[in-house]
Amino acid sequence: MRYDLVIFDNDGVLVDSEPISNRLLAAHLTELGHPTSYEDSIRDYMGSAMHRVHDLVEERTGRRLPADFDDVFHARVFAAFERELKPVVGATDVLEKLTADGVPYCVASSGSHERIRVGHRTTGLDRWFDDERIFSSQDVGRGKPAPDLFLHAAERMGVAPERCVVVEDSPLGVRAAVAAGMDVHGYTAMTPAAKLAGATRLFDDMRELNSLLHTGN
């Protein structure tokens, strides 16, 4: 194993939540008079913290989203998670292998602590992540693409950035990992490979990740 810490993004990497959350985000914005397609949501917001949604809408329209926007959106997302959410195929195999090999890992997500925990509890991934392995953009001043979250996770886990590898599926996340001085494996199941071009390596099946992490190929 060439790395001392594996840092996972959460949405789209561990839990298959991006189709659910982007469908609901597009619908919610459209309801509020900001016409947004599913494809628009994926392009503009996938991998980002909620403040980016507020910032882009205000920048583009001069209008602020309602004060209860986040609460309404998260309530809808959590309800949909209970009905639909599954782990990404192959994610549990990766976690089992890392655990068996004694390789440290954690999650560093743009989502809130509540969102991370709801997703993990719903999919059974909570068995792999105690509180000391969970980091959220809520913990730092700036979310992705700033490197702050990944640097915070590495510091808390006691590992130098250059000894870390990040597993990401969004352009913002790849940019954040590169800015943090970390290698990054870009997961292209939902994101075109060209949009993750800054990644150290690209792969399209989570079941390939164990081999990538252990061989570096």
Side-chain angles (χ1 to χ4, degrees), residues 5-25 28 41-42 45-54 67-99 103-144 146-159 164-170 172-173 176-177 180 187 189-190 206 209:
L5 177 65
V6 181
I7 304 176
F8 292 97
D9 176 43
N10 190 55
D11 293 293
V13 170
L14 294 174
V15 295
D16 195 15
S17 54
E18 294 291 9
I20 299 170
S21 58
N22 282 283
R23 181 185 78 228
L24 294 174
L25 179 58
H28 192 26
S41 183
I42 291 287
Y45 306 120
M46 181 172 158
S48 65
M50 287 301 294
H51 68 77
R52 178 178 171 86
V53 181
H54 290 262
D68 66 349
F69 179 86
D70 290 13
D71 291 339
V72 172
F73 172 63
H74 285 132
R76 294 179 181 182
V77 167
F78 295 163
F81 279 3
E82 295 289 347
R83 298 189 303 268
E84 305 174 44
L85 190 63
K86 305 292 183 186
V88 168
V89 174
T92 56
D93 295 335
V94 174
L95 295 170
E96 285 178 355
K97 177 66 172 171
L98 292 174
T99 300
V103 177
Y105 63 87
C106 64
V107 61
S109 172
S110 293
S112 67
H113 278 281
E114 183 182 16
R115 178 184 172 118
I116 297 167
R117 285 167 170 79
V118 168
H120 286 189
R121 186 170 64 249
T122 303
T123 58
L125 292 182
D126 54 342
R127 65 177 291 204
W128 304 105
F129 292 93
D130 53 28
D131 288 346
E132 286 70 33
R133 296 179 190 261
I134 297 177
F135 304 99
S136 161
S137 62
Q138 290 179 312
D139 302 331
V140 295
R142 300 181 301 167
K144 305 169 189 177
D148 304 34
L149 177 56
F150 291 140
L151 292 173
H152 171 70
E155 181 181 12
R156 289 288 300 273
M157 296 293 290
V159 178
C164 299
V165 62
V166 175
V167 185
E168 262 288 355
D169 70 332
S170 76
L172 292 175
Y187 181 46
M190 275 193 63
M206 191 57 64
L209 185 58

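No hydrogens, no waters, no symmetry mates; every other heavy atom, side chains included, goes into these values.
Residues E96 and W128 are in side-chain contact: their nearest non-hydrogen atoms beyond the backbone lie under 4.5 Å apart. P147 has its side chain within reach of R142: a pair of non-hydrogen atoms, C-beta onward, lies under 4.5 Å apart. Taking 4.5 Å as the limit, some side-chain heavy atom of V53 sits within range of a side-chain heavy atom of F69. A heavy-atom distance below 4.5 Å is found between the side chains of E18 and D169. You'll find the side chain of M50 stays beyond 4.5 Å of the side chain of S112, heavy atoms only.
In this structure, C106 SG and E132 CD are separated by 11.5 Å, a value rounded to the nearest 0.5 Å. Of the inter-residue distances, the one linking E82 atom CD with R121 atom CZ reads 6.5 Å to the nearest 0.5 angstrom. In this structure, the separation between CD1 on I134 and NE2 on H120 is 6.0 Å, given to the nearest 0.5 Å. Distance check: D11 CG to S110 OG gives 8.0 Å after rounding to the nearest 0.5 Å. The line from CG of D9 to CZ of F150 is 6.5 Å long, rounded to the nearest 0.5 Å.
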Report the C-alpha separation of R115 and S21 in whole Å, then their side-chain angles, then the decisive distance to 0.1 Å, and conclude whether the side chain to side chain donor-acceptor pair (under 3.5 Å) test is met. CA-CA 11 Å; R115 178 184 172 118; S21 58; 3.2 Å; yes
Decide yes or no on side-chain contact (heavy atoms from CB on, under 4.5 Å) for V107 and R133, but give the supporting numbers first. CA-CA 6 Å; V107 61; R133 296 179 190 261; 5.7 Å; no
Pair R156, D139 - check salt bridge (charged side-chain N to carboxylate O under 4.0 Å, His left out), show working. CA-CA 11 Å; R156 289 288 300 273; D139 302 331; over 6 Å; no
Take T92 and L125 through the side-chain contact (heavy atoms from CB on, under 4.5 Å) test and state the conclusion after the steps. CA-CA 8 Å; T92 56; L125 292 182; 3.6 Å; yes
One pair to check against side-chain contact (heavy atoms from CB on, under 4.5 Å): L14 and F129. What are the steps and the verdict? CA-CA 11 Å; L14 294 174; F129 292 93; 3.6 Å; yes
Check the pair L209 / K97 against side-chain contact (heavy atoms from CB on, under 4.5 Å), numbers first and verdict last. CA-CA 10 Å; L209 185 58; K97 177 66 172 171; over 6 Å; no
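Below 30°, between 30° and 60°, or above 60°: for F8 and Y105 the angle between ring planes is above 60°, a perpendicular geometry. Classification of the H28-F73 ring pair by plane angle, with boundaries at 30° and 60°, yields parallel. Aromatic ring orientation, F78 versus F81: tilted (interplanar angle from 30° to 60°).
Counting only distance, with no hydrogens or angles, the side chain of H74 and the backbone of D70 share a donor-acceptor pair below 3.5 Å.
Minimum heavy-atom separation, S136 to I116: CB-CD1, 4.1 Å. Nearest heavy atom pair, residue L24 against residue R76, reads CD1-O, 3.7 Å. The two residues V15 and G119 have their closest heavy-atom pair at CG1-O, 4.0 Å. The shortest non-hydrogen separation linking V88 to G12 is CG2-O, 3.7 Å. The shortest non-hydrogen separation linking V94 to M206 is CG2-O, 3.7 Å. Nearest approach of K144 to S109, heavy atoms of both residues: NZ-CA, 4.2 Å.
Residues that satisfy the salt bridge (Lys or Arg N to Asp or Glu O under 4.0 Å) test with D131, not counting sequence neighbours, are R117.
Heavy atoms of other residues, nucleotides or ligands lying less than 6.0 angstrom from CD of E155 number 12 at most.
Of the candidates V159, V165, L95, V6 forms a side-chain contact (heavy atoms from CB on, under 4.5 Å) with just one, namely V165.
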